[in-house]
Asks: 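Following this message is one structure expressed as structure tokens.
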Amino acid sequence: MGTALVYHEDMTAARLLWDDPECEIECPERLTTALERLQQHGLEQRCLRLIAREASEAELGLVHSPEYVALLRGTQALGTRELQALSKQYDAVYLHPSTFHCARLAAGATLQLVDAVLTGAVRNGLALVRPPGHHSQRAAANGFCVFNNVAIAAKHAQQKHGLHRILIVDWDVHHGQGIQYIFEDDPSVLYFSWHRYEHGHFWPCLRESDADAVGRGQGLGFTVNLPWNQVGMGNADYVAAFLHVLLPLAFEGGYHLESLSQSVCMMVRALLGDPALPLSGPMEPHSSALESLQCVRAAQAPHWVSLQQQGAAPVLSSGTRCPEGRPSPLPPGEPEFKAVVTQAAAALSSLLDQLRLHPIPAVRVAVTLTAPVTGLALPPGVLCEEGSLAQEEMQAWARPHEALAQDEALIALGKVLYLLDRILDGQVSSGLAATPVSAAAATLDVAVRYGLSHGAQRLLCVAVGKLDRPPDLTDDGYDSRVICTSSFTSGRNLWLSIGGEEATAPSMFHVSVPLPVTTGGFLSCVLALVLPLAYSFQPHLVLVALGPAHGLRDPQAALLAALLRGPAGGRVFALVDEESTPQLATVLARVLNGEAPPSLGPFSMAAPEDTQALLYLRGRLEPTWKMLQAAAPPCVL
């Protein structure tokens, strides 16, 4: 299974036939520019290309009224003046004789992709469509949107494929009120939208776009709005939103041609399983973003156990209230809007420049084992690495550790350090290695020091099980027993232990938390502690070590490794003891190769002691690691 790309050139046919500065930004080049960029970066060639089909009128009727569909069908025979007159009946819409055909293709492409994914023909995909859809409603076009493509696809997935739970994530500068209206009383669809709101001053200027619009009836808690009330939100703000709002709930576009096409490229790379590039800039959310996040968590806390257990208080800040009356929207041509979009385009362009300067390693995942393992089912393209570090250098690194004196442990160490070298010099993206149980702690200790002395500017170690932090390992990783030529500065090594006896934080770079006993506790630990620390630290390399008696189920270990690919740009090195099951090694190799981790199973509430441990550590660490502050209860303004 691969990644599908669904497209049809006919979707470029509709265009504006009269002067209208508000509508001229919705142009055919939105599609053609994105497709050209995909081709330039060799991404289209890596996808399975599907030709879009038209949605049937019965499929459109899953969401839209028969009268509205008939009205749009009739536009095919209208002249320019009639089309202009009809367009004026809607907000920010223009119609063309080809609009009905284009809009049916846009909806049909989305349905085609849903069918391909849910029948197992592909793993995932992108439908590159026009016109867009998230503003359109049951009987009205709105905001360039004619048919609500995503809403139709969700209804189709429910009726044809029997899905019972669907998550819609709407990432757009504008609120997709059309999707919200369609599903606001439906608990089978969780709708999440982050959008520019400006306290109600940004289009569509709706009161129901605010944080306290949470659905109605049986759908209470299944509408989630994250309103940005300040322009210029950056990486830290969106990561905080992922970790503290979207992902906790999930587990229980644009019109600037340059930035749009670059965004499409980055999204397709992610769908293909390529490692993400490290995020740039300080990982400290804006105060306005923190306020919005805290208000969303407060509004949703009555409906979601995961937010209640992370300390979200059911109190809303009045700071996000929409002012009386309908304020004037900020048009896309306004200078402030152009400046923000230009900044976003520059950031995306910088990411693509990094891709050109630092291409994806030829080997995405390499595995080194101490001995052949029966039952190990590695995905295609994963390299079985047999190399080893030079004998003299390997012995020098092993000398301080009695546990590494045995031949078996020394051979395993040589393989670990050789693969670590390949990751650090960019030949391999991520790796998996097995170590003897008796030498697991010593091997991890050497790997940390070796990584810091061979190019890792910042190294995050996530040690699970009986793998205590060596007492002489400092925050910069320096150890006088080993001669290193690199210069060290404080704070290059963040050690996070999962499975300690109690919750402790001896320093900002040394944190220990007990292993949670439930699914809910594990998710809270990862999303509200591990990942905020990881993104704040911005590591060059992540070591994930599963030591003796680590206690993680295979899906938990896979999810932890998969999520830690993000903070380090895919550079994750997983160390497991050789007595682990072949199934664990297989699932870790698969997620490091870009596949989705297996399901964790039914959600279960966190134990009170796990919640208390998490709250204690967050309280200790929030002043230093700002990413943790997004989970704090909001203040009443």
Side-chain angles (χ1 to χ4, degrees), residues 7-36 51-57 59-61 63-110 127-152 172-174 176-178 203-205 253-257 260-261 326 328-334 337-338:
Y7 174 76
H8 198 296
E9 61 183 11
D10 282 4
M11 284 186 281
T12 64
R15 61 174 61 247
L16 185 63
L17 298 176
W18 54 87
D19 290 334
D20 186 343
E22 183 180 38
C23 291
E24 65 184 9
I25 56 177
E26 206 297 297
C27 58
E29 288 73 22
R30 293 185 59 237
L31 286 193
T32 57
T33 303
L35 188 63
E36 289 168 2
I51 304 300
R53 66 170 178 86
E54 283 189 334
S56 68
E57 293 197 13
E59 289 168 335
L60 299 177
V63 165
H64 298 286
S65 70
E67 296 79 11
Y68 177 66
V69 174
L71 176 67
L72 267 296
R73 186 194 320 120
T75 60
Q76 299 174 100
L78 297 181
T80 300
R81 288 190 177 183
E82 295 169 301
L83 290 168
Q84 186 174 10
L86 181 58
S87 299
K88 288 181 178 179
Q89 297 181 23
Y90 303 110
D91 186 3
V93 169
Y94 72 86
L95 298 171
H96 182 277
S98 297
T99 291
F100 185 62
H101 175 53
C102 291
R104 288 181 65 185
L105 283 173
T110 313
L128 197 58
V129 304
R130 173 180 175 268
H134 70 155
H135 297 303
S136 67
Q137 296 146 45
R138 175 171 169 77
N142 185 266
F144 311 141
C145 300
V146 178
F147 296 131
N148 203 309
N149 309 315
V150 171
I152 294 170
D172 190 271
V173 71
H174 301 109
Q177 80 276 28
W203 193 90
C205 309
Y255 295 95
H256 185 279
L257 297 181
L260 175 65
S261 61
R326 179 183 172 89
S328 299
L330 186 62
E334 203 272 340
F337 182 90
K338 287 184 176 179

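Sequence positions, counted from 1, serve as the residue numbers for this chain.
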Asks: Quick one: closest heavy-atom pair of S65 and A139, and the distance?
Replies: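 That would be OG-CB, 3.8 Å.
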
Asks: Only counting residues at least two apart or in another chain, list the ones meeting ring-ring contact (aromatic ring centres under 6.0 Å, His included) with H64.
Replies: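 H64: ring-ring contact (aromatic ring centres under 6.0 Å, His included) contacts with Y68, F147.
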
Asks: Are the side chain of Y94 and the backbone of E26 linked by a donor-acceptor contact shorter than 3.5 Å?
Replies: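 Side chain of Y94 to backbone of E26: a pair is present.
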
Asks: So, R130 and E29, do they make that salt bridge, N to O below 4.0 Å?
Replies: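 No, R130 and E29 are not salt-bridged.
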
Asks: How long is the span from the CZ atom in F144 to the OG atom in S136, to the nearest 0.5 Å?
Replies: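 These two atoms lie 13.5 Å from each other.
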
Asks: About how many Å separate CG of N142 and NE2 of H174, when rounded to the nearest 0.5 Å?
Replies: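 Rounded to the nearest 0.5 Å, the NE2-CG separation comes to 10.5 Å.
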
Asks: So, do Q137 and Q177 sit near enough that their side-chain heavy atoms are less than 4.5 Å apart?
Replies: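 Answer yes - side chains close enough.
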
Asks: Begin from the C-alpha positions of L128 and L35 and carry the test side-chain contact (heavy atoms from CB on, under 4.5 Å) through to its verdict.
Replies: CA-CA 8 Å; L128 197 58; L35 188 63; 4.2 Å; yes

Asks: So, taking the atom named CG in N148 and the one named CG in L60, what distance separates them when rounded to the nearest 0.5 Å?
Replies: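 Rounded to the nearest 0.5 Å, the CG-CG separation comes to 11.0 Å.
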
Asks: Step by step, would you call H134 with V150 a side-chain contact (heavy atoms from CB on, under 4.5 Å)?
Replies: CA-CA 7 Å; H134 70 155; V150 171; over 6 Å; no

Asks: May I have the list of side-chain donor-acceptor pairs in residues 70-79 shorter than 3.5 Å, sequence neighbours left out?
Replies:
| unit_1 | atom_1 | unit_2 | atom_2 | d |
| --- | --- | --- | --- | --- |
| R73 | NE | E57 | OE2 | 2.8 |
| R73 | NH2 | E57 | OE1 | 2.8 |
| T75 | OG1 | L72 | O | 2.5 |
| Q76 | NE2 | R73 | O | 3.0 |

Asks: Hey, could you give me the OG/CD distance between S87 and Q89, rounded to the nearest 0.5 Å?
Replies: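 If we round to the nearest 0.5 Å, S87:OG and Q89:CD are 9.0 Å apart.
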
Asks: Supply the atom-to-atom distance S98 OG to M11 CE, rounded to the nearest 0.5 angstrom.
Replies: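 Rounded to the nearest 0.5 Å, the OG-CE separation comes to 13.0 Å.
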
Asks: When you measure from the side chain of T110 to the backbone N and O of N149, does any donor-acceptor pair fall under 3.5 Å?
Replies: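 Checked: no pair found.
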
Asks: Could you list all the side chain to side chain donor-acceptor pair (under 3.5 Å) pairs where at least one residue sits in residues 9-21, not counting sequence neighbours?
Replies: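 Of all non-adjacent pairs touching residues 9-21, those that pass side chain to side chain donor-acceptor pair (under 3.5 Å) are D10-H101.
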
Asks: Are the side chain of T99 and the backbone N or O of L95 linked by a donor-acceptor pair below 3.5 Å?
Replies: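 Judged by distance alone, no pair lies under 3.5 Å.
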
Asks: Could you tell me whether the side chain of D91 and the main chain of A141 form a donor-acceptor pair under 3.5 Å?
Replies: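 Answer holds: no.
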
Asks: Minimum heavy-atom separation for A34 and R30, please, with both atom names.
Replies: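 Closest approach of A34 to R30, heavy atoms only: CB-O, 3.7 Å.
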
Asks: Do L17 and H96 come within less than 4.5 Å of each other through their side chains, counting heavy atoms only?
Replies: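 When only atoms from C-beta onward are counted, H96 and L17 do touch, with a gap below 4.5 Å.
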
Asks: Drop me the distance from T32's OG1 to Y7's OH, to the nearest 0.5 angstrom.
Replies: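 Reported value, rounded in 0.5 Å steps: 6.5 Å.
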
Asks: Is the shortest heavy-atom distance from the side chain of P131 to the side chain of C145 under 4.5 Å?
Replies: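 No - every pair of side-chain heavy atoms lies 4.5 Å or more apart.
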
